[in-house]
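Inspection log for the structure reproduced underneath, given as structure tokens.
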Amino acid sequence: MIYRAAIEAMRTREVARFIAANPKSRLQSQRSQGWFQGVPFHWMLDWPSPFPIVAASAKDATLTSIDGQFFDDFCLGDTASMFGHSPPALAEALAEQAGQGLSYMLPTAKGVELGEMLAAMFGLPHWQVTTTASEANRAVIRWCRGLTKRSKILIFNGCYHGAVDDVFVDLRGGAPVNRPSLIGQVQDLLPTTVTIEFNDVEALEAALRSGDIACVLAEPVMTNIGMVRDAPGYLETLRRLCSETGTLLVFDETHTISSGYGGHSNTHGPMPDIMVVGKSIGGGVPCAVYGFTAEVAAKMAELNRSRPPGHSGIGTTLSANALAITAMHAMLGQVMTREAYTHMLAMADRLVAGLGAIIAKYQLDWHVSHVGARVEFVCSGTPPRNGSEARAVMDHELESAIHLYLTNRCVLLAPFHNMMLLSPVTQPTQVDRLLQEMGNCVAELLEAKA
Ligand SMILES: Cc1ncc(COP(=O)(O)O)c(C=O)c1O
């Protein structure tokens, strides 16, 4: 049994240890008054440490801090660097492009090739580029409403698809509410965003049969509220109901690209009408893409022909700039290869097996979940079936104590939940170190009495 007092005591010990081990990072964060709250982006304060580690550099799956510590990096930029930090092919391509202009508002020859590479890798014929996955999702929602002439979209409780107003609706006690944490939200999202629980076939059928939903925007496996796996047959039912009701199915594969080559859709099926991929596709350079079927493309072209000239509300000035195109070209061509996935999935198997062994050894009421190279441990024995169940089993105090314990032993997990990513350059020794420290952490927690 892990007692609350043990968690609190560990947290207190680890905070002191962190402060002692990171004096330069501490000084930097105290000095950094130019930034609001000391950081250029407020998410950087979401780590479990009292102040963020200040990074010096990162290469492969290792991150170095200004305090001279070397971290085994399983956060990997919260997916942006899931294929390793600065892969040589990417670094070389970017260096070459840097001297040739960075943004032209014109297509490039490399871009022509990239379009074909995207189609080949993800199995959808037509693509567009945006600067972030959030922006891709916003664009896709707009397209879906334009194409179907329906105002509503359907999402799953507990989802996250980026800074996208339309998806910030939660279920609380079964009733939809605008997400309470939003800043400056004036528009009531409830009339146009339908939220249901993942894996609830009845609710899905009822919502889609109403015939007024433009699109379902979903991750094939929910990854932003811990992990919620699709029940057997659920995604196939979703696909069928969308087709039967004229609803466009959008899979946001920004995270589930970890499933395998071509993402979850190509690895496990079914295929969506529209797919979004962001973050890691640029290897850390801001860019994202959305792809769609020939049928959707034909309707988009028709819509474009029929609308008056003027702003579409889709895209921004830097979308598809030459640097982003170069980054994706290098990533798809030389980094996100089938061989890379073979290694990532083998490392994930090693981690999943090792975590399972720790859970068994200490008889913890925990489980491990993974979507290919994305692994999470969950401090509850029963895998959640939907967002509400996933939210209910989160134990922030315990998770934060474990995170900090591991950070102090130079193992970095993603700050937001217990996410660990395995890259093509993650070494077995790094996985073993994580497991060793995780085992030590659990043993320490269990040793302490109430
Ligand atoms: C599934 C999913 N889609 C989209 C996004 C948004 O990505 P970005 O913050 O790069 O716009 C995220 C971010 O975590 C995500 O998890």
Side-chain angles (χ1 to χ4, degrees), residues 40-44 46-47 74-83 122 128-142 144 153-170 179 181-183 193 195 198 215-230 235 249-259 263-265 272 274-291 314-316 318-321 324 327-328 331 369-376 387 390-391 413-421:
F41 177 37
H42 65 276
W43 290 12
M44 291 174 182
D46 286 345
W47 294 85
F74 295 89
C75 166
L76 295 170
D78 188 29
T79 310
S81 304
M82 190 175 85
F83 293 90
F122 295 106
Q128 287 284 276
V129 178
T130 61
T131 309
T132 61
S134 301
E135 194 200 330
N137 284 322
R138 287 197 296 269
V140 164
I141 291 172
R142 207 174 257 283
C144 290
I153 66 161
L154 186 142
I155 53 148
F156 293 107
N157 181 36
C159 71
Y160 182 73
H161 296 283
V164 181
D165 277 4
D166 290 283
V167 306
F168 289 130
V169 176
D170 293 332
R179 192 164 290 178
S181 57
L182 296 177
I183 294 174
T193 300
T195 310
F198 198 56
C215 68
V216 174
L217 172 59
E219 290 187 278
V221 175
M222 296 184 79
T223 69
N224 279 297
I225 183 138
M227 251 180 221
V228 182
R229 300 292 323 219
D230 50 311
L235 295 181
L249 176 57
V250 183
F251 277 154
D252 177 355
E253 292 250 29
T254 296
H255 276 183
T256 54
I257 192 165
S258 58
S259 282
H264 197 277
S265 308
I274 304 177
M275 185 192 292
V276 170
V277 189
K279 296 196 186 184
S280 60
I281 197 151
V285 173
C287 49
V289 288
Y290 57 99
I314 292 175
T316 53
L318 287 165
S319 303
N321 67 72
M328 288 189 279
M331 290 300 293
S369 191
H370 79 122
V371 184
R374 176 180 302 272
V375 180
E376 295 226 4
R391 202 178 278 124
L413 311 191
F416 304 113
H417 28 103
N418 310 324
M419 188 180 79
M420 293 156 280
L421 293 167

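Whatever order the structure lists them in is the order used to number ligands and atoms, beginning at 1.
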Please collect all salt bridge (Lys or Arg N to Asp or Glu O under 4.0 Å) contacts where either partner lies in residues 218-230, sequence neighbours excluded, each pair once. none
pair T223-T256: side-chain heavy atoms closer than 4.5 Å: yes
Donor-acceptor contact below 3.5 Å, side chain E253 vs main chain H264: yes
Going by side-chain contact (heavy atoms from CB on, under 4.5 Å), name the residues that satisfy it together with R179, two or more places apart in sequence or in a different chain. Y160, F168, D170, S181, L182
side-chain contact (heavy atoms from CB on, under 4.5 Å) involving Q128 - partner list, sequence neighbours excluded: Y290, F292
What's the verdict on side chain to side chain donor-acceptor pair (under 3.5 Å) for R374 and T79, showing C-alpha distance, side-chain angles and the deciding distance? CA-CA 9 Å; R374 176 180 302 272; T79 310; 3.0 Å; yes
Would you mind listing each N/O atom of ligand 1 next to any protein N/O under 3.5 Å, plus the distance?
{"residue": "ligand 1", "atom": "3 (N)", "partner": "D252", "partner atom": "OD1", "Å": "3.4"}
{"residue": "ligand 1", "atom": "3 (N)", "partner": "D252", "partner atom": "OD2", "Å": "2.6"}
{"residue": "ligand 1", "atom": "11 (O)", "partner": "A133", "partner atom": "N", "Å": "3.4"}
{"residue": "ligand 1", "atom": "11 (O)", "partner": "S134", "partner atom": "N", "Å": "2.8"}
{"residue": "ligand 1", "atom": "11 (O)", "partner": "S134", "partner atom": "OG", "Å": "2.6"}
{"residue": "ligand 1", "atom": "14 (O)", "partner": "K279", "partner atom": "NZ", "Å": "2.7"}
{"residue": "ligand 1", "atom": "16 (O)", "partner": "N224", "partner atom": "OD1", "Å": "3.4"}
{"residue": "ligand 1", "atom": "16 (O)", "partner": "N224", "partner atom": "ND2", "Å": "2.9"}
{"residue": "ligand 1", "atom": "16 (O)", "partner": "H255", "partner atom": "ND1", "Å": "3.4"}
{"residue": "ligand 1", "atom": "16 (O)", "partner": "H255", "partner atom": "NE2", "Å": "3.2"}

